[in-house]
Q: 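What follows is a single structure, and I will ask about it in a moment.
Because only heavy atoms are used, hydrogens play no part in the values below, and waters and symmetry mates are left out as well, while side chains stay in. So that the names make sense, note that chain A is the first sequence line, chain B the second, and so on, each numbered from 1. In this text the structure is predicted, and so the values were computed from the model without any measurement.
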Number of protein chains: 2
Amino acid sequence: MDRDSLRAIFKKRGLKITPQRLAVFDAVIKSDNHPCAEDIFNIVSKIHSNISMSTVYQILHLLEELNMITPIEVDGTQRFEIKSNFHIHAICPICGDIEDLYSKKIKKFWELTTSEFDIKPIKQDIRLFRYCNNCK
Amino acid sequence: MDRDSLRAIFKKRGLKITPQRLAVFDAVIKSDNHPCAEDIFNIVSKIHSNISMSTVYQILHLLEELNMITPIEVDGTQRFEIKSNFHIHAICPICGDIEDLYSKKIKKFWELTTSEFDIKPIKQDIRLFRYCNNCK
DNA sequence: GTAGGTGCAAATTATTTGCATATGT
DNA sequence: ACATATGCAAATAATTTGCACCTAC
């Protein structure tokens with residue numbers, strides 16, 4: 001996922017490629033800590049000093065609809081990550097830090113399990129709460 | 001989980017057993033569709049016509065702290081269920097309906113996952129999105 | 001030029017808080 | 001009697017919406 005894929009996807013759908021959209025997208029790509037709307041607003045504001053929260057939200061919704069980002073809900077606040085392969089979220093109940101856990105084996109097992117249940121999930125959201133290294 | 005266990009737990013902690021607390025607890029036990037705070041308020045209001053949302057929220061937090069209920073976040077709203085054995089939530093992205101899936105296989109999946117990452121989770125929240133029978 | 005996007009301000013929704021009054025023990 | 005719980009109303013936080021203006025195409 002990079003600017004070029006955004007350009008391609010947007011062009012195909014007749015959506016305008018605006019500097020705000022590029023900047024929000026960049027902010028999500030470059031953040032490794034699952035930023036919330038406000039975090040993204042703060043990052044993007046450094047360049048587009050007059051971007052509004054409303055625009056940030058609209059763009060985030062759009063990117064989600066286009067399957068380019070994924071929301072993660074923690075403590076009543078939506079956070080975002082670039083769409084990627086199957087993984088699990090390990091969340092710290094103290095500070096809210098999210099760590100992505102990847103494993104091919106677990107992915108296989110999830111697919112096997114859901115298919116045996118005759119379910120093809122549209123998506124899944126698997127979270128595991130444990131104290132992070134800073135908080136334990 | 002029934003009124004008697006509530007009485008026992010509350011007595012042990014020196015907490016008052018009020019009609020509101022019993023009623024909120026009953027409402028969660030008797031609902032099979034993961035009610036939100038407002039649903040519970042509506043149910044309890046039929047008997048305690050002047051109960052307030054604030055009291056409902058306070059009681060829900062208390063029951064959660066006492067490990068008697070579990071919150072499930074869907075579309076920015078907290079919903080609740082009585083604490084029970086390991087299961088996952090199958091959620092409909094259209095109507096928000098939640099189905100509890102109990103399965104030895106899924107439990108195995110989770111045991112494999114946590115052992116692979118060598119984590120003993122405080123808790124987990126596994127949701128799988130699929131269209132429910134009404135919406136598909 | 002025009003459809004669609006942005007920014008502002010106001011509205012909405014879910015939840016929390018402060019505090020005076022009421023109630024369980 | 002006394003500590004604790006409740007109910008009201010006001011506050012907060014995250015997000016959404018309406019609408020006039022702006023900009024990518």
Q: Send over the distance from Asn50(A) CG to dA9(C) C1', rounded to a whole Å.
A: 15 Å

Q: Determine, for Phe86(A) and Lys107(A), whether the Lys NZ or Arg CZ falls below 6.0 Å from the six-membered ring centre while staying within 45 degrees of the axis.
A: no

Q: In this structure, how many angstroms lie between the C1' atom of dA14(C) and the CG atom of Asp39(B), rounded?
A: 13 Å

Q: So does Gln20(B) get a side-chain nitrogen or oxygen closer than 4.0 Å to the phosphate oxygens (OP1/OP2) of dG7(D)?
A: yes

Q: In terms of side-chain heavy atoms, does Asn42(B) have a donor or acceptor partner in Ser45(B) at a distance below 3.5 Å?
A: no

Q: How long is the line joining CG of Leu62(B) and P of dT4(D), in whole Å?
A: 13 Å

Q: Measuring from the side chain of Lys16(B) (C-beta onward, heavy atoms only), which nucleotide among dG7(D), dA14(D), dA5(D) has the closest atom?
A: dA5(D)

Q: Using a cut-off of less than 4.0 Å, is there contact between a side-chain N or O of His61(B) and OP1 or OP2 of dT15(C)?
A: no

Q: Please determine, for the side chain of Ser54(B), which listed nucleotide (dA9(D), dT6(D), dA14(D)) has the closest atom?
A: dA9(D)

Q: Arg21(A) side chain N/O closer than 4.0 Å to the phosphate oxygens (OP1, OP2) of dA24(D)?
A: no

Q: dG5(C) P sits how many Å from Leu66(A) CG, rounded?
A: 11 Å

Q: Which word best sums up how the rings of His34(A) and His89(A) line up, parallel for under 30°, tilted for 30 to 60°, or perpendicular for over 60°?
A: perpendicular

Q: Do Tyr57(A) and Ser52(A) have side-chain atoms, one donor and one acceptor, less than 3.5 Å apart?
A: no

Q: What's the closest nucleotide to the side chain of Thr55(B) if the choices are dG7(C), dC8(D), dT6(D)?
A: dT6(D)

Q: Closest to the Thr77(B) side chain: dA5(D), dT6(C), dT15(C)?
A: dT15(C)

Q: Would you say dT15(C) has OP1 or OP2 under 4.0 Å from some side-chain N or O of Tyr57(B)?
A: yes

